Structure formats: structure tokens, C-alpha cells
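Quick notes on the structure that follows.
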Amino acid sequence: MDRRRLLKIVAGLPFASGLWRGASTLADASPSPARVRPGDPAWPSEESWDQLGREVGGRLIKVRSPLAACVGASSDAACAQVFKELKNPYYLGDEVGLTQSLGWVGAWTSEPSVYAVAAKTTADVVTAINFARKNNLRLVVKGGGHSYQGSSNAADSLLIWTRQMNAVALHDAFVGAGCAGRMEPQPAVSIEPGAIWGHVYNEVTTKGRRYVQGGGCMTVGVAGLILGGGFGSYSKAYGLAAASLIEAEIVTADGEVRIANACSNPDLFWALKGGGGGFGVVTRLTLRTHALPEYFGGVFAVIKATSDDAFRRLIAKIVEFYHDSLFNPHWGEQIAFAPGGVVAISMAVQGLDQQQADAVWRPFFDWTSAAPQDFTIVSAPKIFAGPARIRWDASVLRLIPGVVIADDRQGAPADNIFWAGNLGEAGAVWYAYQSAWLPASLLDADRRQSFADALFAAAKHKGVLLHFNKGLAGAPADAIAAAKDTPMNPAVTDAFALAITGALGEPAYPGVPGHEPDAAAARSEAEAVEQTMDAIRKLLPRVGSYVWETDFFQPNWQDAFWGESYARLRAVKDKYDPAGLFFVHHGVGSESWSADGFTRLN
Ligand SMILES: Cc1cc2nc3c(=O)[nH]c(=O)nc-3n(C[C@H](O)[C@H](O)[C@H](O)COP(=O)(O)OP(=O)(O)OC[C@H]3O[C@@H](n4cnc5c(N)ncnc54)[C@H](O)[C@@H]3O)c2cc1C
């Protein structure tokens, strides 16, 4: 079926009524009615909420979105200020009623929960889970709030918000609980789930002079990223972020605090390394750390081809150059191919010094500058490598123009910075987003031309970005082996890159005068994104997609995200959350639920 039609049909569907299975213990999965909403007779009384508030030390919040005051209001200074703040990821992260994206046209709109437990301890999480289960509530979990799928917000729900659980502690020799004598002690870092990667890198690299594989974006939440597998700029060297997981503490649907590692609850441990949300609430993660390489660096340039013919040659040259010179653990991040014959290079490098990085790229830039009639250098190449320890050092990054943006709220900590490149996504409303893993065989000599042709056809409609660090082909054998010991689609280890395309609009919210989401733009942009990815998908016998960076409407999502691992994941889900307390859109087991997670279908 045509995907846009499907989108409309899904958006217009009334939520099917039915039964869901309530739980009080892992073994109890007996049927009970659909989850309750405010106004339903079974909705907890004020006294019950007050009691919950006391049990969590006063950390129960009645949630209100700052956007609520702007809905239907004529534009005033207060709303103008809110819309300015929506471009600050730290503001978004600190607001219990907001999420980093404000929605996705035709898919979801960011909605505040009715109440939130601003958890500070594992005991708070246990209390909130027990309350939600006993009262048959829709429960959501939010850390950094960066879900593109809207899976950390839901109207009429109770939210467990982990923002204040953000401690980070380094270990010289960590052994998982119950693993003494079975596992070697190793350097590691324990992180509470609401910490964000920028702050973790600050502790581990800037202060601790070690490296931990996390995400690229500084404001993404730690637990959120790990649960989907997770990639950072240097994943081609260090692998999936989740593959570094040594141990997790997690509260499951029955309210039990469990340790998941190779020695205790190994099935749950495996599921947490990329199985997406929905297995419980993670309250602590311990990740292996690595020796810090001497150098980190980057390569940036924008080149514009002056004709279709020149664009085709440029693309073919880049595919060949990538295969010959960059297809190894040193190089990650992106090259974008965009309408108008534009190529934007934004690569990250580890383990090479300035001279070595220069030497790798010199032949390519010599080739483009030798043909000025064919290639305009829009932004001159910048190649640099520097001491790895300053990679996330806010005091250094703030001095380099255009690299980071600081949280400009009064009293904000000095290390609240974010990459300028992530500004566009703050407060965004999505029109479309799609991704597909690209098998390394596309780089074989006999397939390169058809791959280059596909990129050319794709870039006629929208920009397509190749994220080389999000495909592990070319990574060291141990990184590949560790990725194979996760539930992620095996396509990730065969892929040299993840192709991503998407389209978004500025912050907007339904009902806010002057700031309504642009439905017409959303339709045409979504169509262009579809055509872009169609050109790529034609090359792929089976489409694999990264669960956290994917289409809300991803067809065959179980197979696309997890391939052969899905059946095993579903068994883990049914064991630890038989009643589906932790529903997330396109999460494991969500096919048994209505789209809003309120009604069990089967
Ligand atoms: C600007 C931007 C940049 C990004 N960059 C990268 C990148 O470089 N690499 C990459 O791999 N991905 C990246 N992503 C995707 C990102 O990893 C996912 O969106 C991730 O899920 C975000 O985690 P979060 O905690 O910030 O989000 P949230 O929306 O809070 O959570 C995401 C999901 O995880 C669940 N969850 C969160 N915390 C817990 C917990 N403690 N226990 C159980 N479930 C939990 C939520 O319920 C939700 O379903 C990016 C996203 C954005 C918006």
C-alpha cells in the first residue's frame, strides 16, 4: 500500500476496543480492562495521588506543558519567549512536559503526561511502577527526551522522568554482580539513566582521560541511546555503544529491582543491548571504558558540482575514495549528497594525527580542485586533528567559533553546550525520517557504479546522508563480534553505512496561532523523502533500519529493526513484562496493542 495513504489511515483509525492483560507479578497475565484515563471511574483519587507523592518524597509533579498557555492565545511576549527557548535542547530536557521533537505531522504530537515522578532513586522508580501497574495506568519513561518516534510522551499517562538520576562514577576494575571469578575486572563507568552523553564524556574523557562509546549528540540520554544499540562518531572503531554494556540495574513490571549482566538474567541483559525500550526502567548502566586514543579530529568541506554529469563523477569518485581510503576504523560520521549537486563532507577521525589525516584526503581534494569548471568549492576543506582529551572540553570548545552553542539560560552550568549542527533538530516538527543499512557489497568494484547511480537518483529529491559510523563493516573483529551478541539486526555488521534522509520544520504546535505545523509542506516533503529512499531501497534485497533513527511508519518494523532476533526478543518481553506495562511505539510486543498503548488487542 502507498505509504502516505497508510499514514492517513493509521492517523484516522479509532482506537480499537478490547482487553488487555493486567499484571501484578511476572506470572500473572490475566485479562483486565483497557487502561484508565482521567475521568474514568477507575482513575486514582486525589488521595491516592497524594499518597504516591508522599511515597516518592514529594517528587510527584502535576505536569503542564509550557505550550499549553500558547494554544489558542494571540501571540504574546511569554509565548514568544517559549518559542525562543524551544531552540535550546537543555531547556527542552529540563521541562517535564516537553520533548526534544515537538511531533511528527500525521504521526504524533508531544503531549504532557498527567503526572510525573521525577525519580531520584531506584526506590522512586519501584514505587511509580507499582502504582501504575496496580491502577492500570498508561506508563511512559523519559530520559533525554530525544525519541523521534514520540515514545517518551503520552497523553493521559503517568511519566517516570529520570532527568535527575544523572550520577557518573568511574571504576578502575569493575566486575559485574555474580561474575567474580568468571569475568575479568575491567575499567568501566557506571551511569544513572538520565545523564546525557555530553556530561558523561566530560567525566570520562575530559576529567578521566578515558573513552566510552556513547552517542554523537551531547544532549541525548544515556539509557535511551543504549537501549537501541547506539552509535557515536567513533563506532567504527569501538562498535555499538550497547556492546560496551557490562551490567544494568533495571526495575521490571513486577516492581523487582534486577541486575542484568552476563551472569544474572542474561536473557534480559541481551535484550537491553539494542532491543529498544519496553523491558522495564533502567536505573543504572555500567559500560566498559577504553584507552583514549591520542588524536581525534575531523574533515569538513562543501563542494558543488556544476552539472549533472559532474555530480555523477563526483559521487562515483567519493564511493571509490571511501572504499580505498576511509573504509577502516579511523573514519566515521557523514557525507551528504543533496539536490543541486551538493556534497557536504563532515567526517570524524580517531587515531590519526594532522599529517596523517591530511595525507589521506589530499588526493581527493586535489582531484576536485583540478577541475574548477566542474566543481565549485563552497566551503574550503578543513582538516584537523588534535589531542583527544579536549574533544568534549567545554572550556576549549566554547573558544572555537561556530562549533558549539551554550545553554543561554541564566545560571546554566558552563558545560551545558551542544553541537551547533544539532540546533536544527531542537524543537523540530518532523515531516519524514527514513533510514536503511547499506551492505558493504555495494562498494565492490562491480556494484559501485549502480550504487553511485542510486545516490545520484536519490539526491534529486532530498539530501541523503551516509552515516559511516552507523554501519560496522570495516570495524575491528572484536567490535563486530560484540555487535553480534546483541539483538540488533545482523544487517548492522554487514553494513558500511546507514543511509538517512528526512525533513523537518521549525518548532510548531497545533492550535498555536502563527506556529501551526505546516501540513502542506509536510506532505510534499514526505513524498520527496519517500522518493529519495526508494532510489536507495531498490538496491537492497531486504531493508534493515536503525530502531532509534527510522520511519515512524516503518513497514515490517520487527524485521527491519531486529531481523532474526525478533522472536527471541518477544520471548524476553513476554517473560519480564507479560502484561505490556511498558508499551512503546514499534517496540517489542507493541503489535499486541492499540496505537496509543491503551488497549490490548490480542
Ligand atoms: C538531535 C538528536 C541526535 C541524535 N544523535 C544520535 C547519535 O549520535 N547516535 C545514535 O545512536 N542516536 C542518536 N539519536 C537517537 C537517540 O539515540 C534516540 O532518540 C534515543 O532513544 C534517545 O534517548 P533519550 O533518553 O534522549 O530519549 P527518550 O525520548 O527519553 O527515550 C527514548 C526511548 O527510551 C526509553 N527510555 C529512556 N530512558 C529509559 C530508561 N531509563 N529505562 C527504560 N526505557 C527508557 C523511552 O521510554 C523511549 O522509548 C539522536 C536523536 C536526536 C533527536
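Everything numeric in this text was worked out from a predicted model, so none of it was measured. We count residues from 1, following the sequence as given.
The one candidate from Trp419, Phe296, Trp392 that meets the ring-ring contact (aromatic ring centres under 6.0 Å, His included) condition with Tyr201 is Trp392.
Taking the side chain as every heavy atom from C-beta outward, Phe552 and Tyr148 never approach each other to under 4.5 Å. Two residues are said to be in side-chain contact when any heavy atoms from C-beta on lie closer than 4.5 Å; Phe451 and Asp444 fail this criterion.
The backbone N or O of Leu240 lies less than 3.5 Å from no partner atom in the side chain of Ser235, so there is not a single donor-acceptor pair. A donor-acceptor contact shorter than 3.5 Å links the side chain of Asn153 to the backbone of Glu111. Within the 3.5 Å criterion, the main-chain N or O of Phe231 finds no donor-acceptor partner in the side chain of Lys470. Judged by distance alone, with hydrogens and angles left aside, the side-chain atoms of Lys87 form a donor-acceptor pair with the main-chain N or O of Leu423 at under 3.5 Å. Side-chain atoms of Ser545 never come within 3.5 Å of backbone atoms of Thr550 as a donor-acceptor pair (strictly under, hydrogens ignored). Not a single donor-acceptor pair under 3.5 Å links the side chain of Ser379 to the backbone N or O of Ala301.
Leu227 contributes atom CG, which lies 9.0 Å from atom CG of Leu245 (distance to the nearest 0.5 angstrom). For the atom pair OH of Tyr322 and CE of Met347, the computed distance is 6.5 Å after rounding to the nearest 0.5 Å. One distance of note links CD1 of Ile196 with NE2 of His146; it measures 8.0 Å at 0.5 Å rounding. Distance check: Tyr91 OH to Leu86 CG gives 6.0 Å after rounding to the nearest 0.5 Å.
Checked by atom type, the side-chain pair Tyr211/Arg391 shows no donor-acceptor distance below 3.5 Å. For the residue pair Ser152/Ser147, the side-chain donor-acceptor check at 3.5 Å is not satisfied.
Taking 4.0 Å as the cut-off between side-chain N and carboxylate O, Arg313 and Asp309 count as a salt-bridged pair.
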Next item on the list: Evaluate the criterion side-chain hydrogen bond (donor to acceptor under 3.5 Å, both in side chains) for residue pair Ser233 and Glu333; output intermediate values, then yes/no.
Entry: CA-CA 5 Å; Ser233 302; Glu333 289 295 348; 2.7 Å; yes

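Residue Gln355 qualifies as open at atom CD: its count of foreign heavy atoms under 6.0 Å is 12 or below.
The shortest non-hydrogen separation linking Val349 to Gly298 is CG1-N, 3.7 Å.
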